[in-house]
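Below is one structure, written out as structure tokens, with a few remarks after it.
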Amino acid sequence: MTADRGRFVTFEGGEGAGKSTQLRLLAARLEAQGESVLATREPGGSEGAEQIRELLVHGPADRWDRVTEALLHSAARRDHLLRSVEPALALGRWVLSDRFADSTAAYQGYGHGVPPEKLQALYDIAVGRLKPDLTLILDLPVAQGLRRAAERRDGGARYESLDVAFHERVRRGFHVIAEAEPERCVLIDATASPEAVAQSVWQCVAERLAPQLLETEG
Ligand code: TMP
């Protein structure tokens, strides 16, 4: 018997936007309703991709040229998809990923200036036709996000060390992405309390992907 294919939800946003917290809260709420969830992240989410992550999040900001960096993120993404994401979707599980390809568009594209057609070519090679069913972009002023990120740094602050202008370009990039694909992307105000943000996230996910969960919640 083949299970219905699962749903692929990605969380995006700048530094310190609260993606990991929101992902955890959504996973718990789905699991409480009996859903099976894979909570994962990029760069990382599979053994090989976690090894590539180490190369990306440590060291000086100019450690890689921008195209090499995009290639490393894409290589990690392909391993993550093949080893973790696709098998879980095939089993009918929810896959919640803390970042995915929109981060490459925002950071390597808008942030570092890699041309969009190069990034599209990398997407075609690493990912192919798959797209997230829903992308939640948590939006926060840059200064606030960097402050939050510094407070709870857990090692690997290579991107945080880039200047504020870089992070402003990243934020603007996420806005452009959200406007270009409204059927896939939702921009969520992340300045609200974690509980309020979690409620917006839940409304979005349930309404767009699983209306039956709103009914059963009662
Ligand atoms: P994290 O702090 O959300 O775990 O992500 C690690 C860093 O990697 C973060 O600063 C954003 C960056 N990144 C990119 O630059 N491009 C990408 O494609 C991904 C997935 C992450």
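Not measured: the values here are computed from a predicted model. Counting starts at 1 for both ligands and their atoms, following the listed order. The basis for the numbers below is simple: all heavy atoms, side chains too, and nothing from hydrogens, waters or symmetry mates.
Residues F166 and H112 place their aromatic rings such that the two centres sit under 6.0 Å apart.
Nearest-heavy-atom check against atom 13 (N) of ligand 1 across E160, H73, Q108 picks out H73. The option from E69, E12, H112, E15 that lies nearest to atom 2 (O) of ligand 1, judged by heavy atoms, is E15.
Counting protein heavy atoms only, atom 18 (O) of ligand 1 is closest to T104 OG1, 2.6 Å. When hydrogens are left out, the protein atom nearest atom 6 (C) of ligand 1 is V57 CG1, 3.9 Å; that is the closest non-hydrogen contact. Atom 4 (O) of ligand 1 has as its closest protein heavy atom R53 NH2, 2.9 Å. The shortest contact between atom 7 (C) of ligand 1 and any protein heavy atom is with Y159 CD1, 3.5 Å.
Between R41 and ligand 1, not a single N/O pair is under 3.5 Å apart. The shortest N or O to N or O distance between R99 and ligand 1 is below 3.5 Å.
Close contacts between ligand 1 and K19 involve ligand atoms 3 (O) [criterion: under 4.0 Å to a heavy atom]. Atom numbering of ligand 1 starts at 1 in the shown order; those under 4.0 Å from a heavy atom of E42 are 20 (C).
With hydrogens and angles left out, the side-chain atoms of T10 and T135 include a donor and acceptor closer than 3.5 Å. A donor-acceptor contact closer than 3.5 angstrom is absent between the side chains of S20 and R41.
Here the side chain of E69 pairs no donor or acceptor atom with the backbone of Q108 at under 3.5 angstrom. Not a single donor-acceptor pair under 3.5 Å links the side chain of R184 to the backbone N or O of P132.
Of all the heavy atoms of R77, the ones lying under 4.0 Å from any atom of ligand 1 belong exclusively to the side chain. In R158, neither the side chain nor the backbone holds a heavy atom less than 4.0 Å from any atom of ligand 1.
Contact between A76 and A49 at its shortest, heavy atoms only, is O-CB, 3.4 Å.
The pair E86-R5 meets the salt-bridge criterion, with a side-chain N (NZ, NE, NH1 or NH2) lying under 4.0 Å from an Asp/Glu carboxylate O.
Below 30°, between 30° and 60°, or above 60°: for Y159 and Y107 the angle between ring planes is above 60°, a perpendicular geometry.
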